[in-house]
Asks: 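So that we are looking at the same thing, I have put the structure below in structure tokens.
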Amino acid sequence: ERIGQYPDFIHVDIVDRSFAPDAAETKAYRMETIRAFWPNREVHTHIMSKTPSRWLPEVLPYSHTVYVHWECEESLDQLIKTIRSADVHPGVALTMDTAPDKIGADLGKADSVLLLTIAEPGKSGQKFDMDGLERIEQLNQMSFRENIRICIDGGVNEEVMPLLKVEDVVSGSSVLNHSDPKGQILCLQTAGRYEVV
């Protein structure tokens, strides 16, 4: 209700204790409510789990894109195959501990790459890690760049936004902690169109 139909897409985080030991219990059944509330928006689901396959049956029916972590303990090829077979776009998520230029072959198998530009994935309200700009540049130089979308998640606000040469951004705290969330979404959308001079 606070953000209405203003977002370009809806981003859902599924975090379990295999990825963040202090994570609250995740209730994936809310995906159905999200899809009902935003019927005209894509839903991008980011599974933060060492075993993302356990969540796929619950999230695939409601998602347009599903991100799984390169750092997970399951076969990335099999996860991508399962997601794609459900007619959903597969995405690979990376923490700042994983350099994109070291795993380019794996990233090229997906439709999207999600880069977490914060120190501690799974915790909201952190600052943008400026080393993320170098990681974005690495992704933008990849030979398959024209075939993937890049999404940045973590510390994104109106000051960082003009620096991001990517298609998608996720901004949680900057929007939801703002006195005018809808206005903040518009501010971010506008800021993304202009470069800092």
Asks: Identify the heavy atoms of Met161 and Val169 that sit nearest to each other, and give their distance.
Replies: CE-CG2, 3.3 Å
Asks: Are any of the side-chain heavy atoms of Val156 and Val170 separated by less than 4.5 Å?
Replies: no
Asks: Look at Arg135 together with Asp101 and state whether they make a salt bridge at an N to O cut-off of under 4.0 Å.
Replies: no
Asks: What heavy-atom pair brings Arg41 and Pro7 nearest, and what distance separates the two atoms?
Replies: NE-O, 2.6 Å
Asks: Counting C-beta onward and ignoring hydrogens, is there a side-chain heavy-atom pair between Asp129 and Ile118 closer than 4.5 Å?
Replies: no
Asks: Quick check: do Ile34 and Val12 have side-chain heavy atoms less than 4.5 Å from each other?
Replies: yes
Asks: Kindly say whether the aromatic ring centers of His69 and His46 come within a distance under 6.0 Å.
Replies: yes
Asks: Within the 4.5 Å heavy-atom criterion, are Cys151 and Leu115 side-chain neighbours or not?
Replies: no
Asks: Would you mind listing every salt bridge (charged side-chain N to carboxylate O under 4.0 Å, His left out) that reaches into residues 45-56, with sequence neighbours excluded?
Replies: Asp16-Arg54
Asks: State the NZ-CG distance between Lys102 and Leu107, to the nearest 0.5 angstrom.
Replies: 13.0 Å
Asks: With His178, which residues qualify under ring-ring contact (aromatic ring centres under 6.0 Å, His included), at least two apart?
Replies: none
Asks: Quick one: closest heavy-atom pair of Met31 and Val43, and the distance?
Replies: CE-CG1, 4.1 Å
Asks: Using salt bridge (Lys or Arg N to Asp or Glu O under 4.0 Å) as the criterion, list what pairs up with Lys127, not counting sequence neighbours.
Replies: none
Asks: Could you tell me whether Asp111 and Arg149 make a salt bridge, using a distance below 4.0 angstrom between a side-chain N and a carboxylate O?
Replies: no
Asks: Going by side-chain hydrogen bond (donor to acceptor under 3.5 Å, both in side chains), name the pairs with one or both residues in residues 24-40, residues two or more places apart or in two chains.
Replies: Arg35-His64
Asks: Could you tell me which residues satisfy side-chain contact (heavy atoms from CB on, under 4.5 Å) with Asp77, sequence neighbours excluded, listed by chain and number?
Replies: Ser75, Lys109
Asks: Quick one: are Met96 and Leu116 in side-chain contact, heavy atoms under 4.5 Å?
Replies: no
Asks: Using the salt bridge (Lys or Arg N to Asp or Glu O under 4.0 Å) criterion, which residues pair with Arg17? Sequence neighbours excluded.
Replies: none
